[in-house]
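Index from 1, following the sequence.
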Amino acid sequence: MTATLRNLEGQDDATILREIQSALNGLKFGSVEITVHNGQVVQIERKEKFRLQQPGSKNA
């Protein structure tokens with residue numbers, strides 16, 4: 001897992017929405033958590049799950 005520090009201070013809503021969209025891009029299983037402090041987005045966290053199946057197993 002990696003963390004990237006980005007300066008969102010003074011950025012407009014469109015930039016923050018692009019960051020959220022980027023976190024959602026390609027996500028099949030998982031979640032995106034948006035942390036807000038004093039009315040400003042301060043953190044966007046992406047959690048992704050990978051589900052592994054044995055060859056020949058049936059989907060439940």
Exercise. Who passes side chain to side chain contact (heavy atoms under 4.5 Å, CB included) against Phe29, sequence neighbours left out?
Worked result: Lys49, Arg51

Problem set entry | In one Ile/Leu/Val/Met/Phe/Trp/Tyr side-chain cluster, 4.5 Å: Ile16, Val36 | yes

Problem set entry | Considering all heavy atoms, the nearest Val42-His37 contact | CG1-CB, 3.8 Å

Exercise. Taking atom types as modelled and ignoring hydrogens, do the side chains of Asn25 and Ser22 form a donor-acceptor contact shorter than 3.5 angstrom?
Worked result: no

Problem set entry | Shortest non-hydrogen contact from Ala23 toward Ile44 | CB-CG2, 4.0 Å

Exercise. To the nearest 0.5 Å, what is the distance between CG (Asp13) and CZ (Arg18)?
Worked result: 11.0 Å

Exercise. Can you name the side chain to side chain contact (heavy atoms under 4.5 Å, CB included) partners of Glu33, sequence neighbours left out?
Worked result: Thr35, Glu45, Lys47

For this session: Quick one: do Leu24 and Gln21 satisfy side chain to side chain contact (heavy atoms under 4.5 Å, CB included)? Show the steps, please.
Result: CA-CA 5 Å; Leu24 289 169; Gln21 185 177 25; 5.7 Å; no

